[in-house]
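For reference, the structure discussed in these notes is given below.
Letters A, B, ... are given to chains in the order of the sequence lines, protein chains preceding strands, and every chain is numbered from 1.
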2 protein chains.
Amino acid sequence: MGFLNGIEYLDHLAYDSVIFGFAGDNLKILLMEYHDTALFALPGGFVQVDEDLNDAVRRGLAERTGLQNVYLEQFYTFGDAKRNLTGEMNKILNANNLGDDSVKWILNRFVSVAYLALINYKNVNPRPDEISDSCTWYDVNNLPPLIQDHTLIVEKALMTLQSQLDHKIPIFELLEEQFTMAELQRVYEVILNESLHRGSFQRKMLSLGILKRHEKQFNGGAHKAPYLYSFLK
Amino acid sequence: MGFLNGIEYLDHLAYDSVIFGFAGDNLKILLMEYHDTALFALPGGFVQVDEDLNDAVRRGLAERTGLQNVYLEQFYTFGDAKRNLTGEMNKILNANNLGDDSVKWILNRFVSVAYLALINYKNVNPRPDEISDSCTWYDVNNLPPLIQDHTLIVEKALMTLQSQLDHKIPIFELLEEQFTMAELQRVYEVILNESLHRGSFQRKMLSLGILKRHEKQFNGGAHKAPYLYSFLK
DNA sequence: CTTTAATGTCTCAAAATGCGACAATAATCG
DNA sequence: CGATTATTGTCGCATTTTGAGACATTAAAG
């Protein structure tokens, strides 16, 4: 077991979360930068000895974003023996004056269970923890270099999103309560990384019977004002 | 850490494998029965301290089935704090005279990474390990009661199979090198748990361009002899 | 008032799908 | 040995889904 701030955690087990938001025209994820290291990482954490794995991830997510009840899905567990580079972790520990023996367990090998979350960009107030300078949004197609195998984790998260876009993923978690058809289409296009035909997309979405149409908005933009939609539930 | 037969394993981390085969007209999975306990479980194991998680699972699979290079896919990690019922494990340890302190670590909480495998029923020679009486096939729709949350693990494996049947799953791993269209259709029907229209299924499969048609077989059965097919690769 | 560009909808062709029907075939049985 | 029977491969047809362009509508900009 390992201790951190007096709390006991399972050794060798961690989680990392790929937290997706949608802003402007692009998918973003939350990244943390550690003090004085220029090392970027996915927000992650450890599992307390009597805590459900899923609860641990929700706890960490709430601490980082202030959000409860977000859409959260486990997608893969990364367990290569060599995935933990002790050099990087040493640098982080030293920069934070955490070099004493009581936290040496953090340098051990860790198997990490990876989760993806879909959240509304605007509802979030990212909060860095004690050992990180920042916790901010980065464009998924323009990430800084990440520690360990975190780039691979992000790639796998994206693949999971793509493969599940048709069925299971509640895309509305990424959008405002009300949104235009163009915004919805843009989310699909960014996740699938391909452009879709406007007419066909609109017809398909409306035929699914999952959208409620509201009055037209007067959004101040030029040209014909679009309807607003929301997801039925 | 924990030791077993002089080998060191990561504590708190295990894997379980749902090994699918297709025989007669049904999906089957491999289950183990522990000595003198009437307890059934999925074949599983532990991860050595310097071993990749995926390698550990392949090692265990080879030991149980004698097979190398099988299709293997990680599908979920089960991490509830209460998923390990010490009563069941105690019973198993006692029945095997393993009650001494050196294996008490097995009674700890374990997070288990679950894998599914697709293998050819006929190529397998299931081998029980030291603490199990048997390692044999059971019809997926008629399983004995399983320990811990293993029934849940099987259900999730089946759901994963269903959701991936269209895209990613190499179904041919379940079949002989050559097979009839009726056999292939039966595999789909069993996994999807619904009957399919014969003509449409044949047309669809042939249109995919992934099948090679061979000469007709003389299978000794009555009626018109069907073509044999194999998957292109 | 005209221009411009985004929006909602429609039409048409092409493709995919559901479902039944038909002829061909090979073992079985009278 | 010929008729029966059940299975197979294929086809036809109606229906549904999809891809792509076209049109009128609309609201801001010039």
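Direction of the helix axis in the helix from C/dC1-D/dG30 to C/dG30-D/dC1 shifts by 10° between the two five-pair termini, rounded to 10°.
Among pairs with a residue in residues 146-159 of chain A, those fulfilling salt bridge (Lys or Arg N to Asp or Glu O under 4.0 Å) read A/R83-A/D149, at least two apart in sequence or across chains. Residue pairs meeting the salt bridge (Lys or Arg N to Asp or Glu O under 4.0 Å) criterion with at least one partner in residues 20-45 of chain B, sequence neighbours excluded, are B/D25-B/R186.
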Report, one line per pair, each donor and acceptor closer than 3.5 Å where one atom sits in a side chain of residues 223-233 of chain B; sequence neighbours left out.
residue, atom, partner, partner atom, Å
B/Y229, OH, B/R213, NE, 3.3
B/Y229, OH, B/R213, NH2, 2.9
B/S230, OG, B/H214, NE2, 2.7

Could you list the donor-acceptor pairs under 3.5 angstrom formed by side chains in residues 15-23 of chain A, with sequence neighbours left out?
residue, atom, partner, partner atom, Å
A/D16, OD2, A/S112, OG, 2.6
A/S17, OG, A/P43, O, 2.9

N/O donor-acceptor pairs under 3.5 Å from side chains in residues 197-205 of chain B, not counting sequence neighbours:
residue, atom, partner, partner atom, Å
B/H197, ND1, B/G199, N, 3.2
B/H197, ND1, B/S200, N, 3.2
B/H197, ND1, B/S200, OG, 3.3

Please list every donor-acceptor pair under 3.5 Å in which a side-chain atom of residues 52-60 of chain B meets a protein atom from a residue at least two apart or in another chain.
residue, atom, partner, partner atom, Å
B/D52, OD1, A/A81, N, 2.6
B/N54, OD1, B/Y115, OH, 2.6
B/R58, NH1, B/V70, O, 3.2
B/R59, NE, B/E51, OE2, 2.7
B/R59, NH2, B/F46, O, 3.1
B/R59, NH2, B/E51, OE1, 3.0

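Atom NE2 in B/H214 sits roughly 18 Å away from atom P in D/dT8 (whole-Å rounding). Going from atom CZ of B/F201 over to atom P of D/dC11 covers 18 Å, rounded to whole Å. If you measure from atom CD of B/Q185 to atom P of D/dT10, you get 15 Å, rounded to the nearest angstrom. When the P atom of C/dA6 is taken as reference, atom CG of A/L184 falls 18 Å away, rounded to whole Å. A straight line from CG of A/L208 to C1' of D/dT17 spans 12 Å, rounded to a whole angstrom.
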Inset, instruction - Would you mind building the protein contact string for nucleotides 8-17 of chain C? One character per nucleotide, 5' to 3', B for base within reach (heavy atoms under 4.0 Å), S for sugar-phosphate only, - for untouched. - result: BS-B-----B

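For B/Y138, the ring-ring contact (aromatic ring centres under 6.0 Å, His included) partners at least two apart in sequence or on another chain are B/F40.
The line from CG of B/L30 to OG1 of B/T136 is 7.5 Å long, rounded to the nearest 0.5 Å.
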